[in-house]
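When reading the values below, keep in mind they use all heavy atoms of this one structure, side chains included, and skip hydrogens, waters and symmetry mates. Keep in mind it's a predicted model, so treat the numbers as computed, not measured.
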Amino acid sequence: MSDQPAEAQQPEQMPVAAQPNHDGGPSAAPGPPPVPAAERVRLAARRREETDYIFHYWSALGWTILTFGIYGLYVFYQLIRRMRDHNARRLELLDAATAVAWEQAGRQGLQQEMAPSFERAAGHLAVLRQMTGDFRDPVIWLLLVIVAGIAQIVAFVLLDQDLIKHSQAEAGAGRELSVIYSRLGQQVPSDQGQVKRPDNYVGRILATIFTFGIYMLWWYYNQMDEPNKHFTSSWAQEDHLVNAVDAVR
């Protein structure tokens with residue numbers, strides 16, 4: 001996290017696992033002052049319309065037909081882009097909310113008592129952080145699909161696995177933050193969205209082959225609808241978290 005606990009009360013250091021990664025070495029020039037953790041939370045919440053793209057399947061299908069498949073390339077691009085950007089945004093929001101809570105725990109003299117919860121939250125955030133380094137560049141994946149159509153199936157399998165991994169880590173971090181903020185006097189419900197189960201990838205691939213690609217229409221629907229539900233289910237918990245951050249800072 002970017003903000004340090006108040007030095008006046010000499011709180012403990014944030015647990016190592018909860019500290020952000022920094023590139024070593026001196027900087028060539030002083031950068032802008034760090035953004036306060038509470039403001040990072042608010043900024044990340046405001047960016048949901050930029051990152052959490054909500055698909056309307058029948059509209060997308062209609063435009064794909066009308067444009068002889070060209071619009072479908074845009075759909076595929078957005079499928080990759082939105083999952084990558086949603087993960088990065090949620091990581092920023094949850095990371096900053098954890099930093100705010102750590103500062104408040106220091107002011108209340110609760111850091112030592114609450115350190116295990118912060119450590120567990122940091123472990124879940126580490127999974128989200130690791131996912132930001134996965135190969136999910138939407139432009140490159142789009143080019144791969146144009147060159148080799150089978151890349152579309154590979155991307156769909158990876159997107160499904162990403163949603164599972166992301167939702168598990170996000171739910172874990174949300175549960176810990178719910179406990180942490182409750183101890184600080186603020187009620188934040190844990191994310192109630194269910195963690196997605198893995199698809200039957202072999203079955204989907206065989207269905208695509210035996211239906212001469214028609215099954216891909218249903219697979220596209222799932223790739224749109226399942227993240228749609230995940231995004232919208234996280235927004236309510238996110239709003240509670242923003243309010244809790246404003247209340248404790």
Salt bridge check, [Y] against [X]: does any charged N sit closer than 4.0 Å to a carboxylate O?
{"X": "D162", "Y": "R84", "value": "no"}
{"X": "E238", "Y": "R46", "value": "no"}
{"X": "K229", "Y": "E226", "value": "no"}

Assigning hydrophobic clusters by single linkage (Ile, Leu, Val, Met, Phe, Trp, Tyr; side-chain heavy-atom cutoff under 4.5 Å), is [X] placed with [Y]?
{"X": "L158", "Y": "I146", "answer": "yes"}
{"X": "M131", "Y": "I140", "answer": "no"}
{"X": "W218", "Y": "L206", "answer": "no"}
{"X": "L143", "Y": "I150", "answer": "no"}
{"X": "L128", "Y": "I164", "answer": "no"}

Between [atom1] on residue [X] and [atom2] on residue [Y], distance to nearest 0.5 Å:
{"X": "Q168", "Y": "K165", "atom1": "CD", "atom2": "NZ", "answer": "10.0 Å"}
{"X": "S178", "Y": "R183", "atom1": "OG", "atom2": "CZ", "answer": "14.0 Å"}
{"X": "R89", "Y": "D52", "atom1": "CZ", "atom2": "CG", "answer": "4.5 Å"}
{"X": "I209", "Y": "I205", "atom1": "CD1", "atom2": "CD1", "answer": "7.0 Å"}
{"X": "N222", "Y": "Y57", "atom1": "CG", "atom2": "OH", "answer": "9.0 Å"}
{"X": "L91", "Y": "H124", "atom1": "CG", "atom2": "NE2", "answer": "13.5 Å"}

The test is side chain to side chain donor-acceptor pair (under 3.5 Å); show your working for R136 and N87 and say whether it passes.
CA-CA 11 Å; R136 300 293 184 269; N87 180 74; over 6 Å; no
[X] versus [Y]: any side-chain heavy-atom pair under 4.5 Å?
{"X": "F231", "Y": "R82", "value": "yes"}
{"X": "H230", "Y": "E170", "value": "yes"}
{"X": "D95", "Y": "R129", "value": "yes"}
{"X": "I153", "Y": "W219", "value": "yes"}
{"X": "F156", "Y": "D199", "value": "no"}
{"X": "Y77", "Y": "W141", "value": "no"}
{"X": "V75", "Y": "Y220", "value": "yes"}
{"X": "S234", "Y": "R90", "value": "yes"}

For the pair N228 (side chain) and M224 (backbone), establish whether a donor and an acceptor sit closer than 3.5 Å, ignoring hydrogens and angles.
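Yes, the answer is positive, given that a donor and an acceptor are paired below the 3.5 Å cut-off.
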So does W102 get a backbone contact from the side chain of Q111, meaning a donor-acceptor N/O pair under 3.5 Å?
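Side chain of Q111 to backbone of W102: a pair is present.
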Please name the pair of heavy atoms, one in [X] and one in [Y], separated by the smallest distance, quoted to 0.1 Å.
{"X": "S117", "Y": "I180", "answer": "CB-CG1, 3.7 Å"}
{"X": "E92", "Y": "A44", "answer": "CG-CB, 4.0 Å"}
{"X": "M83", "Y": "L159", "answer": "CB-CD2, 4.1 Å"}
{"X": "A97", "Y": "V41", "answer": "N-CG2, 3.4 Å"}
{"X": "V248", "Y": "Q104", "answer": "O-OE1, 2.9 Å"}
{"X": "A96", "Y": "A37", "answer": "CB-O, 3.5 Å"}

With a 6.0 Å cut-off (strictly less than), is the heavy-atom count around CZ of F212, excluding the residue itself, greater than 12?
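Counting neighbours around CZ of F212, 12 or fewer heavy atoms of other residues, nucleotides or ligands fall under 6.0 Å, so no.
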Are more than 12 heavy atoms, taken from residues, nucleotides or ligands other than Y71, located less than 6.0 Å from that residue's OH atom?
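Result for OH/Y71: enclosed.
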Would you check, one step at a time, whether the test side-chain contact (heavy atoms from CB on, under 4.5 Å) holds for I70 with W63?
CA-CA 9 Å; I70 294 176; W63 278 109; over 6 Å; no
Pair E119, E176 - check side-chain contact (heavy atoms from CB on, under 4.5 Å), show working.
CA-CA 9 Å; E119 289 281 3; E176 294 302 330; over 6 Å; no
Could you walk me through whether M114 and L184 pass the side-chain contact (heavy atoms from CB on, under 4.5 Å) test, one step at a time?
CA-CA 10 Å; M114 299 173 64; L184 297 175; 4.2 Å; yes
Going through the checks in order, is the side-chain contact (heavy atoms from CB on, under 4.5 Å) test met by R48 and H86?
CA-CA 8 Å; R48 71 169 60 147; H86 169 79; over 6 Å; no
Given Y53 and F55, is the ring-ring contact (aromatic ring centres under 6.0 Å, His included) satisfied, shown in steps?
CA-CA 6 Å; Y53 187 96; F55 275 106; 4.7 Å; yes
